[in-house]
Amino acid sequence: MSTYQQNWKKKIAGALKAVAADRDIDFSVEEDDLLIEKPPKPEMGDLAFPMFPYARFFKTSPGKIAKQVAAKMGSDTTAAGPYINITVDMGEVAEDLLKQIHEEGEEFGRNTSLNGQKIMVEFSCPNTNKPLHLGHLRNDTIGESVSRILFANGACINKVNLINDRGIHICKSMLAYKKFGEGVTPESSGKKGDHLVGGFYVKFGKWSKEDPSAEEQAREMLRLWESGDPEVTELWNTMNRWTIEGIEETYKKTGISFDKKYLESETYFRGRELVHEGLEKEIFYREEDGSVWIDLNDVKLDRKVLLRSDGTTLYLTQDIGTAVARHDDWPFERLIYVVASEQQYHFQVLFEVLSRLGFPWAKNLHHLSYGMVNLPEGKMKSREGTVVDADDLVAELTGMAKEEIKSKGRDEEVDNLEATSAKIALGALNYYLLQVSPTKDMIFNPAESISFNGNTGPYLQYMGARISSMLRKYEERKESYSGGKVDSRLLTVAEERELIKLLAEYPGIVNRAGEDLNPSFIAAHLYEICKTFSRYYHDNPVLHNESKDLVKTRIHLSGAILQVLKNGFFLLGMPFLPTM
RNA sequence: GUACCCAUAGCUCAGCUGGAUAGAGCGUUAGAUUGCGGAUCUAAAGGCCGGAGGUUCGAGUCCUCUUGGGUACGCCA
């Protein structure tokens, strides 16, 4: 909610009360309860207030109320059927707004609604038996973006990762390495560590089809690992290091970072302890075979096993330990788990268990459940080898961007072809992934994502580059505009009014994105700004203009737009490019 | 079988707490360049918002039922 909208709410609320007083009706309205919207067409006005809700109190039609209210207002207010439409003096709004944007710079759009609240965000959570794939990329970009958005809303953020480095699946790649690896290393093979290890995981799958004893051998290895066998532990250490180093390289390339990294191998003990404590408190119960359970039938979550009959821990047990360890490390007020929607049941159970264990903060845990990423050809299936590898995809997009730059003959213009291509690829990827509401399944189309026109990352980046180019040109010939001065009242073109409104709305969008944990609101808003600016500068010369005042004013506006784009890009993990 | 999620233009997606004639992009068709980077812009065609009831002054949005799709319900993670 921008300040000019707030002001108008106040005025309309006042007029409504005045109308009620005239007619001796006992009526009051809080200005925050007033509905505010945009008229369907800009020429109808900038703000609209529907009068439907008041018909009941006033015992007349909304249309009549609108007329009576409008009569109390000035010439900028018209009654249009049941609506009151306001035409805002945008010159006045622009004067303060543009100044504010230029002064606040990268801080414009931030607010204090979360007031220093400590929020932990968990995302990514890779396994150490294979490299990242397209699904992780969605997870990573949502996690990173939501963290930045919450920070912009005034929260204190702690981004955490949880490395899944133990369990039977890890042993499978280790076993295959031991049998077929012949001592190969990332260095000797020239392969990234995560890809090398992932290859052995795939190899295990093939081998286990031929040799029925493979699965049993993997279980034996797990037992050895849990009992601390030195040889297995050493191999585990080595291969985990390879994978984690490989994955961290991918994070670096995709602009993802964490404040803290948790390892399952270090937190699962804690989970086991907590289950034992819960058992003593009779929150859990033991079956005859020794396994430990919780009965959640009263909340329709069935019953769930917490410890195997041999006393070893499970995924859920480990997550209990991790949550408690985290709260001890950093007493968060909220913890957001960015995890695929497949795991909804898991988190319902986890939160319920933590709550029954008596942790008051359990009610502040939140599962940010996001949908699957599919391909135009259909679902990704690891068995059919159609899983899109993260590194491959980034490389492919980078290659496509590079070709595009060359084909436009701009490879001489950009200062670093390789770096620029990579930034375009990243912008394309993140924008495409974030443009869709997190909760929904989506289809990822690589060719569409990297396209330079349409609703895509590169299009937005292009608008940023174009505005930058204009600002550079302005700086070059600044002297020829000397004597001119910024005058917001000159911003009378329809697109200018629209742009000012969009800029004014930006902080509210950041707020809403934070409340709903939904970066797509920001994506949509930035696209709207870019599209409007495209249309605007196409027919309205900014620099090639007789009036020096007008040049300066439009540059002032363009600079503010660029600033908002930059700020929004950051929230979406999209690199900004001054030229491309 | 039970629970949760989704269904809007040929395709990919928007549509904020219910509000004026349901919007974009891609694709299709037709246009615009002595112009700040045409990697652009303009316009047209394209919709029973899966279906049926209900609540409401008003429903793409809320409720019930129904159809179709997805996911979960492991001593896997």
Side-chain angles (χ1 to χ4, degrees), chain A residues 33 35 37-41 44 48 50-53 55-56 61-62 80-83 85 125 127 129 164 166-170 264 287 289-293 300-302 304-310 312-316 318-319 340-346 348-349 369 371-372 374 376 379 404-405 407-408 410 413 432 435-437 439-445 447-448 451-456 458-459 461-463 465-467 469-474 508-509 512 515-516 518 520-521 523-524 527-528 531 534-545 551 554-555 558 579-580:
Chain A
D33 293 339
L35 288 173
E37 45 198 87
K38 269 189 180 183
K41 285 185 179 161
M44 298 168 76
M51 290 295 114
F52 301 100
R56 250 178 337 133
S61 70
Y83 292 88
N85 288 342
C125 304
N127 292 349
N129 62 341
N164 188 315
R166 57 176 284 276
I168 189 81
H169 54 293
I170 307 297
E264 273 193 21
E287 282 284 345
D289 63 2
S291 55
V292 177
W293 295 76
K300 294 192 173 147
L301 290 173
D302 213 329
K304 193 79 194 165
V305 66
L306 294 162
L307 284 180
R308 290 192 186 93
S309 49
D310 64 3
T312 57
T313 62
L314 291 117
Y315 177 50
L316 179 63
Q318 166 281 127
D319 250 357
S341 56
E342 312 168 309
Q343 298 198 32
Q344 280 191 44
Y345 173 68
H346 169 77
Q348 282 173 5
V349 172
S369 158
M372 298 195 317
N374 299 315
K379 298 177 65 167
E404 192 68 25
I405 292 171
S407 77
K408 300 290 175 196
R410 288 198 55 83
E413 305 286 333
Y432 200 92
Q435 170 216 16
V436 180
S437 294
T439 46
K440 294 199 178 180
D441 289 353
M442 67 176 291
I443 293 178
F444 185 86
N445 184 334
E448 195 177 288
S451 167
F452 285 66
N453 36 34
N455 185 0
T456 65
Y459 170 78
Q461 287 175 315
Y462 172 70
M463 288 319 306
R466 286 302 305 273
I467 298 173
S469 170
M470 273 167 26
L471 295 179
R472 278 195 301 272
K473 288 240 156 57
Y474 170 77
I509 298 289
R512 196 154 70 88
E515 281 172 5
D516 283 17
N518 189 344
S520 78
F521 297 156
Y527 177 64
E528 202 58 40
K531 208 168 46 139
S534 284
R535 196 171 353 119
Y536 167 59
Y537 88 100
H538 194 264
D539 331 296
N540 299 282
V542 173
L543 294 173
H544 297 176
N545 216 299
V551 169
R554 288 184 170 174
I555 282 293
S558 303
T579 55
M580 62 186 278

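Keep in mind the model is a prediction, meaning the values are calculated, not measured. Below, read A as the first sequence line, B as the second, and so on, with proteins coming before strands; counting in each chain starts at 1.
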Pair assignment for RNA chain B - dot-bracket with | for other-strand partners, Watson-Crick or G-U under 3.5 Å: (((((((..((((.....[...)))).(((((.......))))).....(((((..]....))))))))))))....
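- Regarding Leu301(A), its CG atom lies at a distance of 10 Å from the C1' atom of C73(B), rounded to whole Å.
- Considering only heavy atoms from C-beta on, Val305(A) stays 4.5 Å or farther from Val292(A) through its side chain.
- Side-chain proximity of Tyr527(A) to the nucleotides A20(B), G37(B), G25(B) is greatest for G25(B).
- Residue Pro39(A) places its side chain closer to A20(B) than to any other of A20(B), A77(B), C36(B).
- Taking for each of Phe52(A) and His544(A) the nucleotide of RNA chain B with the nearest heavy atom, the 5'-most of the two is the partner of Phe52(A).
- Checking the phosphate oxygens (OP1, OP2) of G37(B), a side-chain nitrogen or oxygen of Ser469(A) falls inside 4.0 Å.
- Asn127(A) comes within 4.0 angstrom of sugar-phosphate atoms only, judged by non-hydrogen atoms across all strands, and of no base.
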Every protein N/O lying under 3.5 Å from an N/O of nucleotides 27-33 of chain B:
none

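- Nucleic acid contact class of Met44(A) (heavy atoms, under 4.0 Å, all strands): base.
- When heavy atoms are screened at a 4.0 angstrom cut-off, Ser291(A) is found touching base atoms of the nucleic acid.
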Polar pairs (N or O, both sides) under 3.5 Å between protein and nucleotides 42-47 of chain B?
{"unit_1": "U42(B)", "atom_1": "OP1", "unit_2": "Arg535(A)", "atom_2": "NE", "d": "3.0"}

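- In the set G25(B), G35(B), G38(B), G38(B) carries the atom at the smallest distance from any side-chain atom of Tyr462(A).
- Between G31(B) and A45(B), the distance separating the two C1' atoms is 15 Å to the nearest Å.
- C48(B) and G10(B) have their P atoms separated by 8 Å, given to the nearest Å.
- Listed candidates were A39(B), U21(B), C36(B). Nearest to the side chain of Met580(A) is A39(B).
- Residue Asn129(A) is classed as having no contact, given no heavy-atom separation below 4.0 Å to the nucleic acid.
- Listed candidates were G15(B), A20(B), C57(B). Nearest to the side chain of Ser437(A) is G15(B).
- Of the P atoms belonging to C11(B) and G47(B), the separation is 12 Å, rounded to the nearest Å.
- Nucleic acid contact for Arg56(A): none, since no nucleic acid atom lies under 4.0 Å from a heavy atom of the residue.
- Listed nucleotides C57(B), C36(B), A77(B) differ in distance to Tyr315(A); the shortest reach to its side chain belongs to A77(B).
- The side chain of Phe521(A) lies closest to G15(B), out of U12(B), G15(B), A39(B).
- With sequence neighbours excluded, the residues satisfying side chain to side chain donor-acceptor pair (under 3.5 Å) with Arg466(A) are Tyr462(A), Tyr537(A).
- Of the P atoms belonging to A7(B) and C62(B), the separation is 10 Å, rounded to the nearest Å.
- For the pair Leu316(A) and His346(A), the minimum side-chain heavy-atom distance is below 4.5 Å.
- Annotation: salt bridge (Lys or Arg N to Asp or Glu O under 4.0 Å) contacts of Glu413(A) (sequence neighbours excluded): none.
- Within the nucleic acid shown, Asn374(A) has no heavy atom closer than 4.0 Å to any nucleic acid atom.
- For Leu314(A), whose side chain is taken as the heavy atoms from C-beta onward, the closest listed nucleotide among C36(B), G37(B), C76(B) is C76(B).
- A donor atom on one side chain and an acceptor atom on the other are not found under 3.5 Å apart for Arg554(A) and Tyr474(A).
- Side-chain atoms of Asp302(A) lie closest to C73(B) of the nucleotides A72(B), C41(B), C73(B).
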Could I get a table of every N or O pair under 3.5 Å where one atom is in the protein and the other is in nucleotides 2-6 of chain B?
{"unit_1": "C4(B)", "atom_1": "O2'", "unit_2": "Gln344(A)", "atom_2": "OE1", "d": "3.0"}

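- Between Arg466(A) and G38(B) there is a side-chain polar atom (N or O) within less than 4.0 angstrom of OP1 or OP2.
- In this structure, the CG atom of Asn445(A) is 10 Å from the P atom of U12(B), given to the nearest Å.
- Taking atom P in both C63(B) and G69(B), one finds a spacing of 23 Å when rounded to whole Å.
- Relative to the side chain of Val436(A), the nucleotides C36(B), C13(B), U12(B) differ in distance, and C13(B) lies closest.
- In this structure, CE of Met372(A) is placed 12 Å from P of C13(B), rounded to the nearest angstrom.
- Nucleic acid contact class of Gln343(A) (heavy atoms, under 4.0 Å, all strands): base.
- Heavy atoms of Ala340(A) sit nowhere under 4.0 angstrom from any nucleic acid atom.
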